[in-house]
Amino acid sequence: MRWQTLLKNSITTPAALGSRFGFDSGPLRAVAERYPMRINPYYLNLIREKGDPFWLQAVPDEQELHDMVCMPDPLGEEHLSPVPNLIHKYPDRALFLVHSQCAMYCRFCTRKRKVGTGDMVITRETIDAGLDYLRKTPEVRDVLVSGGDPLLLSDERLESILKSLRRIPSIEIIRIGTRAPCTLPMRVTTRLATMLKRYHPLYINTHFNHPDEITPEAALACSRLANAGIPLGCQTVLLRGVNDDPRIIKRLMHGLLRIRVKPYYIFQGDMTEGTDHFRTPINKGLAIMKSLIGHTSGMAVPKFAVDAPGGGGKIPLQPDYVHHLGANLVFSNFRGDICSYQDAGARGQVTGDRG
Ligand SMILES: *Cc1c(COP(=O)(O)O)cnc(C)c1O
Ligand code: SF4
């Protein structure tokens, strides 16, 4: 089936889900009215049972309306937008939102306040304003094209945006952020890949959260993109009950490398209103990182980061291996063995602390 047809056949109301899985969907109606729901037939078919990792990511939950902790715009994006739908937070790169819809509405989405709703207004005018800003702001050398999901645009519309970006000499690299390879892999046609490869250097960061999302269809989508010379990365978010387990994350990281996707980030869940029930303790993330570092290929170890509330940016979090920082650095390795290293220029200063 064509991806457009699949998208059109998406389930968008809890009632349709209730009749399929045989449960009372009444209490979910208010949730889906506040935060849109869309589960396309491909992703729907991944769901095995109520409460499994696919269900948790896709199906509205009453807890979304009872979040007393989090904020609508935790990353302060609206204050960092010189023009609507363009966020300029870091010196040399900008985030450019070019589409308001997604192949599925993830319940944990950071832009839950607006993605898929009438509040996210993206028009030719806002895109032109974004392009104008980028023309006038030559310090931006890296543009992240995101949304919503840019791959929900037609090939032609997406190409016209890429073409305009490529005409701006100060833009060195273009990145596309898309969950389509995971949530609607049929979107990645050979035609799309052939178009994208005209706009190199182009990178794609996708978003898988569970190893079982790496289906033959997802693998094919990623191989089409990789064969078009597009380096692929993955931005995973830690989600309670979905992937907050070292074994699941290790399986995911290995599965990604097998389909030529390099794990890029694992994010601590943002403090986004309606998603508090997904958040995991920071210590859990650090323990997961510790279970990867040294125990498996460095290629399979992404950066673990928390995006600071208020727009502070992404801060890397690392398990602590250092016991003593001085002329003699004392630390433990991944197995817990104590090691030491004599710092440069520290000759003669090191006393008997080698034991
Ligand atoms: C994440 C993000 C970027 C890109 O950050 P990298 O660490 O370079 O991947 C740029 N702008 C905004 C607003 C972001 O949230
Ligand atoms: S695909 Fe990304 S932008 Fe879209 S709902 Fe999911 S997390 Fe949000």
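Scope of the values below: all heavy atoms of this structure, side chains included, with no hydrogens, waters or symmetry mates. Counting starts at 1 for both ligands and their atoms, in listed order.
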Colleague: Does the side chain of Arg93 come within less than 4.5 Å of Glu172's, by heavy atoms?
Modeller: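 They are not in side-chain contact.
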Colleague: Please indicate how many protein N/O/S atoms are found closer than 2.8 Å to atom 4 (Fe) of ligand 2, with waters neither displayed nor included.
Modeller: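 Count of protein N, O, S atoms less than 2.8 Å from atom 4 (Fe) of ligand 2: 1.
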Colleague: Tell me which part of Leu80 gets within contact of ligand 1: side chain, backbone, both or neither, using heavy atoms under 4.0 Å.
Modeller: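 Contact part for Leu80 vs ligand 1: neither.
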Colleague: Quick one: which of Tyr203, Phe267, Tyr90 has a heavy atom closest to atom 12 (C) of ligand 1?
Modeller: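 Of the listed residues, Tyr90 has the closest heavy atom.
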Colleague: For Val121, does its backbone N or O pair with a side-chain atom of Asn85 as donor and acceptor, under 3.5 Å?
Modeller: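 Confirmed, Asn85 side chain pairs with Val121 backbone.
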Colleague: Identify, with sequence neighbours excluded, every residue that meets ring-ring contact (aromatic ring centres under 6.0 Å, His included) alongside Phe331.
Modeller: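 Partners of Phe331 by the ring-ring contact (aromatic ring centres under 6.0 Å, His included) criterion come out as none, since no residue qualifies.
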Colleague: Are the side chain of Thr123 and the backbone of Glu125 linked by a donor-acceptor contact shorter than 3.5 Å?
Modeller: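 Side chain of Thr123 to backbone of Glu125, a donor-acceptor pair under 3.5 Å: yes, one is there.
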Colleague: Using a heavy-atom cut-off of under 4.0 Å, does the side chain or the backbone of Arg175 touch ligand 1, or both, or neither?
Modeller: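 Looking at Arg175 and ligand 1, just side chain atoms fall under 4.0 Å.
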Colleague: Which ligand 1 atoms are under 4.0 Å away from a heavy-atom of Ile87?
Modeller: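 This gives 13 (C) as the contact atoms.
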Colleague: Can a donor-acceptor pair be found between the side chains of Gln101 and Asp149 at a distance below 3.5 Å?
Modeller: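 No, no side-chain donor-acceptor pair sits under 3.5 Å.
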Colleague: Determine, counting only non-hydrogen atoms of the protein, whether one lies under 4.0 angstrom from atom 2 (Fe) of ligand 2.
Modeller: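 Protein heavy atoms within 4.0 Å of atom 2 (Fe) of ligand 2 - there are none.
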Colleague: Between Ile214 and Leu256, does the side-chain contact (heavy atoms from CB on, under 4.5 Å) criterion hold? Intermediate values first, please.
Modeller: CA-CA 8 Å; Ile214 304 175; Leu256 290 168; 4.1 Å; yes
Colleague: Specify the protein heavy atom at minimum distance from atom 9 (O) of ligand 1: its residue, its atom name, and the distance to 0.1 Å.
Modeller: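 Answer for atom 9 (O) of ligand 1: Tyr264 OH, 2.6 Å.
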Colleague: Evaluate the criterion side-chain contact (heavy atoms from CB on, under 4.5 Å) for residue pair Gln268 and Thr280; output intermediate values, then yes/no.
Modeller: CA-CA 7 Å; Gln268 176 68 12; Thr280 55; 4.0 Å; yes
Colleague: Short question: side chain of Asp61, backbone of Glu64 - any donor-acceptor pair under 3.5 Å?
Modeller: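 Not confirmed, Asp61 side chain does not pair with Glu64 backbone.
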Colleague: Suppose we measure from atom 7 (O) of ligand 1 to each protein heavy atom; which comes out shortest, and what is that distance?
Modeller: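 Checked against all protein heavy atoms, atom 7 (O) of ligand 1 sits closest to Tyr265 OH, 2.6 Å.
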Colleague: Verify the neighbour count for atom OH of Tyr133: are there more than 12 heavy atoms of other residues, nucleotides or ligands below 6.0 Å?
Modeller: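 Enclosed.
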Colleague: Do Asn205 side-chain atoms and Tyr264 backbone N/O form a donor-acceptor pair below 3.5 Å?
Modeller: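 Looks like no, no N/O pair under 3.5 Å.
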Colleague: Which ligand 1 atoms are under 4.0 Å away from a heavy-atom of Leu144?
Modeller: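 Answer, ordered by atom number: 3 (C), 4 (C).
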Colleague: Just jot down the ligand 1 atoms closer than 4.0 angstrom to any heavy atom of Arg93, in number order.
Modeller: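 Reading through ligand 1 atom by atom, the close ones are 4 (C), 5 (O), 6 (P), 7 (O), 8 (O).
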Colleague: Looking at CD1 of Ile249 and NZ of Lys284, how far apart are the two atoms once the value is rounded to the nearest 0.5 Å?
Modeller: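 If I round to the nearest 0.5 Å, the distance is 10.5 Å.
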Colleague: Side chain, backbone, both or neither: which part of Lys314 has a heavy atom under 4.0 Å from ligand 1?
Modeller: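 For Lys314, the contact with ligand 1 is made by the side chain alone.
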